[in-house]
Each structure stands twice: as structure tokens, then as C-alpha cells.
Amino acid sequence: MHPLRALLVVPALVVTAAMLSPADAGAPSSNVKRAGAAGTSDVVSATTADTLRVENKRAVAVGTGGAVASETVGASRAGRAVLKHGGNAIDAAVAMAATLGVDDPFVAGPGGGGFMVIYLADSKKIVTIDGRETCPRRCTPKLFLDKSGNPLDFELARHSGISIGVPGLVAQWAKATRLYGRHSFARNLRPAIRLARRGFAVTQNFHDSTVESLADLQAFSSSRKLFLTPGGKPLPVGTIFRNPDLARTYERLAKYGPSYFYGGPLGSAIAHTAQRPPVAKQAPSDFRVIPGIMTADDVRDYRAKNRRPTHIGYRGLDIFSMAPPSSGGTTVGEALNILSGWPLGSEPRARALFHYLEASRLAFADRGAYVGDSDYVPVPIAGLLSKAFAASRRCLVHGQALLSPVAPGTPYPPYPTSCSTSSTTPSAEREGTSTNHLVAADRWGNVVSYTNTIEQIAGSGITVPGYGFLLNNEMTDFDFAPATPTTYDPNLAAPGKRPRSSMSPTIVLRHGRPWLAVGSPGGSTIITTVLQTLVNRIDFDMSLPRAIAAPRASQRNYGASLVEPAFARAPYATVLKERYGETFDVAEPPYEVIGFVNALEFLKPGLVQAASEPTRLGGGYAMVVHPRR
Ligand code: GLY
């Protein structure tokens with residue numbers, strides 16, 4: 001998520017500890033009351049759990065006929081319009097993602113990749129589409145090593161051609177539309193084309209994204225021309241931004257289909273741009289770029305893939321998410337399996353949060369050791385999601401925070417009956433925090449949970465000249481080198497391989513019907529944000545808007561957990577530190593918030609609550625087709 005947006009847009013997180021109910025301030029949740037647990041009586045009721053001051057009314061919408069939520073008003077309007085005019089949730093999701101490429105171009109657009117999880121009402125099935133970028137065929141595990149064998153400086157790698165993977169979003173949009181949509185691909189691009197031609201007023205978020213990536217945008221002539229003033233400065237808030245190049249790109253995609261991109265002139269232009277990034281004459285003399293290795297054939301060979309979703313049962317619910325190459329489904333799933341052994345809802349809040357942090361710590365250890373692109377490395381998905389394996393990890397947690405880095409366990413049958421750790425050294429990781437998540441549901445009951453990204457804010461910083469969109473730097477999601485020369489690392493670059501992701505688009509079924517759809521941006525904090533939102537909603541019985549607004553903490557097998565300031569200020573934080581030995585890194589400006597959730601909940605069949613962030617980064621946009629009066 002955009003760090004500077006946090007600095008400039010959110011003067012203070014509005015939801016503070018002082019505003020929280022007793023449940024958030026350290027008492028057990030409302031589950032306790034309903035369960036009639038002794039000694040906890042009336043600490044909180046469902047009513048108080050719903051009294052969160054959601055200051056941003058546009059962030060919650062309840063109604064029928066379909067619902068959407070996203071980061072921008074343009075994308076949410078596009079999705080709602082598609083739903084109103086006969087499109088289904090899949091059409092809406094494609095239209096929203098294409099529109100985000102227009103009005104949130106620093107985190108989205110045809111130069112990126114993503115993962116789509118879909119509930120199909122007709123067949124009552126969950127399907128997923130992997131639109132993750134691929135490494136060109138000349139990739140090797142040494143892609144990000146210098147001549148002496150040392151990992152490259154991240155900033156150099158990030159804005160170099162070698163960081164650009166073959167974009168997957170256009171293939172994914174086309175596939176989703178063809179297999180599951182009601183409208184044509186061309187029709188789903190219409191709202192984005194309109195917005196790109198008509199233009200929109202630059203928002204604070206747009207401006208801040210420009211500021212955040214200014215050095216790279218200035219250094220590439222195509223990006224400079226598209227996104228900056230003639231003098232190379234960020235566009236002021238309120239300036240009308242039009243993108244006729246992107247409008248034309250989408251129009252050609254609408255006319256010729258995805259082959260205009262894969263195997264067509266656009267694919268050649270992308271490969272050429274990666275090989276010869278257009279460095280501006282104004283770039284500093286010491287601005288270095290490593291040319292890329294992508295060819296037009298790499299682009300032509302790209303395929304979006306259907307993958308089996310991950311699935312676990314949790315507290316009687318069915319939780320589906322994204323399988324490798326994303327680590328989202330296995331890591332959220334493993335952490336929930338570990339948590340299922342503790343009665344979180346009836347524990348004092350500090351103890352429940354201690355369990356949340358430790359489950360996440362353990363699941364991240366296994367993520368780092370075992371998850372990569374399963375087309376290239378054997379990923380023990382069944383083991384990582386097995387209840388028996390989770391039990392062998394849970395039993396490591398006693399009364400104190402574990403010492404990180406915790407070693408991974410052994411997720412292969414027969415699963416250990418005692419506590420499981422190995423002696424493997426976990427790999428370091430670094431993931432971008434841009435990305436966006438959107439949700440859509442339609443009147444027929446189809447649901448989409450969709451996360452996509454160009455990796456860092458502004459991706460590689462390189463715009464395809466004349467085509468109006470930025471290229472990703474997704475290949476930097478590969479590990480640059482293993483933790484030690486002899487450590488097995490499932491996430492090293494290889495020809496055609498997809499880097500490990502944290503994207504965790506999730507759909508939860510209750511009694512076999514959709515109940516929740518949730519996801520977030522935020523690099524590896526995506527996983528903890530989704531996990532915490534699920535725990536808030538399912539175990540702590542918060543309403544969905546409240547589950548989203550609650551202060552966040554992210555434990556990813558580091559010593560200290562990254563926490564938002566409001567989390568650090570809450571009474572439970574003191575207990576977590578003093579009783580359980582947890583330590584915190586408080587997310588300070590410019591990294592003040594963690595994640596940006598968009599979600600929806602079926603309150604009853606047909607009646608949906610769409611919910612976005614009320615305050616983080618200025619809040620998101622939830623909309624329904626027919627608002628409930
Ligand atoms: N680039 C962020 C992710 O894939 O998780």
C-alpha cells in the first residue's frame with residue numbers, strides 16, 4: 001500500500017483505542033456472551049459491536065441486485081454500472097480492474113498480474129484464475145545477482161528491464177470473461193475507455209503515488225510525458241488527467257481481442273520496452289538500468305491458468321483462496337488451522353491476539369520454506385493445509401512469543417505427532433506493497449474476490465511508450481538469492497516461472513453458500529490483513545465494517561510484529577508485551593497503515609453488505625445496485 005498516501009492523507013487513524021468497545025480493549029468478544037461463559041457477562045453485545053463510528057459512509061453499502069467495493073470511485077461506479085446493465089460479477093470485476101488501470105495506474109493496469117477467485121452460482125463451484133506474470137525464457141536463478149554473485153541493489157533491480165515479467169492481466173480478463181462472463185470482453189472495457197478519454201480530477205492518492213515514485217517517473221521519458229507536468233513535477237490535485245494512449249490501447253484490445261497483446265503489436269512493444277527502457281535525457285548521470293531479457297515470443301506464450309483453489313474448514317465454514325504461485329491460500333489456511341485449536345472467541349482479547357500473532361509467525365516460516373510456483377517446485381499444499389500438521393505447529397506455542405526466525409515444520413505425511421520444526425534457515429523476502437483488491441457480487445449469486453498488482457508503487461516506473469500504462473516489476477518477488485548457498489529455496493527465478501505472491505483473494509461459504517469475500521493489498525502483510533479480518537469477523541464477531549476498521553498487527557516470522565499506531569495504543573498491546581513477550585514495530589509515517597481491505601458479506605440471500613476501508617488512505621468505495629432503504 002502506498003506509504004506516502006498514508007502520510008499525507010490520513011492525518012490520524014480515526015479509529016482509536018479510545019473509541020473501541022471493551023471487546024477490542026482486551027475483554028473477550030461477543031461470542032462469549034452468547035456462549036454464556038462465566039465471568040465475562042455483559043462486556044460487549046452484538047449491538048455495541050456494531051456501533052463503530054464508520055465516519056466514511058461511502059465505505060459501506062447494503063442492498064440487493066449486486067454489490068462492489070474497490071479503492072476508487074471510478075472503478076466502483078464502473079462495476080455497479082455493469083451489474084445494472086445485465087453483466088455479472090465476473091464482468092463487473094473485469095470492468096473494475098481495467099478502470100483501476102486508468103484511475104489508479106500506479107497499482108493496477110494491463111502491465112501487471114493478479115489472482116481471481118470466483119464463486120459460480122450455477123454450478124456452486126469455486127474456480128480461480130492465475131494471471132500472475134511469468135519470467136522470460138532467458139531467466140535463470142541468477143537473474144538478480146551481480147557479476148560477483150551478490151544480490152543486486154533492490155532499487156536498481158526494481159527499475160530495470162529485468163524486473164519486468166510478462167503481464168498476465170489482459171489474458172486473465174479475457175479468460176474470465178470468455179469462461180464465466182455474460183458480456184463481451186470489449187463491452188467490459190468500455191467504462192475504462194470512457195474514463196481514460198474523459199479524464200478525471202487527480203486525487204490526493206494519485207498525487208501521492210506520483211510523489212512516491214517521482215525519481216523513476218522522471219527518469220523514463222514515456223512515464224515523464226504521461227504522468228508529470230512538462231517540467232517533470234507531480235500533477236497537482238484537481239488537475240484533469242486524461243490518458244488517450246490507454247484509451248486507444250483498450251479500444252484496440254476491444255477490437256482485436258487479447259491477441260493484440262499476446263503475439264501482437266502491443267506484445268512486441270512491451271518486449272522492446274523491457275529490453276531498452278526509455279531513459280529520459282533529464283535522468284541523473286548516475287541513473288543505471290539493467291536491460292531486460294523479454295522477447296515478443298515470451299509475451300506470445302503467456303497463458304492465464306485455472307488453478308484449484310485452496311480450501312480449509314474453519315469453525316464450520318469453508319474458506320477458499322488462491323493456491324500457488326500465491327502463498328496466500330496456504331498461509332492464511334495454515335494459520336487458521338493452527339488457530340482452530342484455541343477458542344479465540346472466548347479467550348481474553350490479548351490472549352486471542354497472542355495466538356493470532358504466533359499462528360501467523362509459524363505459518364510464515366512454512367510459507368518461506370515450501371511455497372513457490374507449483375509448476376516448477378513441489379509444494380506440499382495438502383500438508384500445509386492439514387489439520388494434523390497444524391497441530392504439530394500449534395503445540396510449539398506456550399505462554400511466550402516464539403523466537404524468530406522460527407524454523408519451518410515438516411508438512412509431509414505421516415505428520416509429526418509431536419511438535420514439528422526443522423533446522424532449515426528461512427529465506428529473507430521483500431515484496432512490494434502496492435497492489436489493489438476488489439470484490440463484486442451479482443443478482444444471480446456469483447461472487448468475485450480479485451487482487452491484482454504491478455508490484456511496487458508505479459511498478460518498474462517504465463511506461464510502454466504510446467500505450468499509456470506502466471510495466472510491473474513483479475520479478476523482484478523472486479528471492480534474489482537463497483538464505484544460504486545450501487538452503488533450498490522454492491522461489492528462485494527460472495524460465496516461465498511465476499514468482500511467489502502473497503495475494504489472498506478469499507471467499508468464505510457458510511452452509512455451502514457465499515457468506516464473505518475479502519482481500520487486501522500490502523505485500524506480505526496481505527496475508528496477515530486477510531487473516532486478521534477473518535478472525536475479527538468470525539471469532540470476535542465484529543460486524544464486517546468493524547472487522548475492517550479495527551487496528552492491525554502483522555507478524556511474518558520477524559522478531560517484532562509490525563503494528564498500526566492504534567494497535568500499539570490499545571490496552572491489549574500492553575498485555576501482549578508484558579505477559580506474552582511480544583514486541584512491536586509501530587508503523588510510523590510514511591508507513592502508517594497496513595493493508596486496504598475491500599470485502600462483502602451476504603447478510604441473507606440476495607442482501608449484500610459491501611464494505612471498504614473507512615479511513616485508511618482516505619477510504620474506499622462500496623456500492624450496491626439497489627440500496628436498502
Ligand atoms: N507483489 C505482491 C504480491 O504478489 O504479493
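Read the numbers this way: they start at 1 and go in the same order the structure lists the ligands and their atoms.
- Taking the charged nitrogens against the carboxylate oxygens, Arg500 and Asp489 have no contact shorter than 4.0 Å, which rules out a salt bridge.
- The part of Arg132 lying near ligand 1 is the side chain, judged by heavy-atom distances below 4.0 Å.
- Take Asp216 and apply the salt bridge (charged side-chain N to carboxylate O under 4.0 Å, His left out) test, not counting sequence neighbours, and it matches Arg158.
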Between Arg132 and Glu474, does the salt bridge (Lys or Arg N to Asp or Glu O under 4.0 Å) criterion hold? Intermediate values first, please. CA-CA 9 Å; Arg132 184 71 160 168; Glu474 214 72 57; 3.1 Å; yes
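- Close contacts of ligand 1 with Ser502, meaning ligand atoms under 4.0 Å from a residue heavy atom, involve 3 (C), 4 (O), 5 (O).
- Considering backbone and side-chain N/O atoms, Ser501 comes within less than 3.5 Å of an N/O atom of ligand 1.
- Relative ring orientation between Phe261 and Phe469 is described as parallel, the plane-to-plane angle staying below 30° on a 0-90° scale split at 30° and 60°.
- Near Asp477, with a cut-off below 4.0 Å to any heavy atom, the atoms of ligand 1 are 1 (N), 2 (C), 3 (C), 4 (O).
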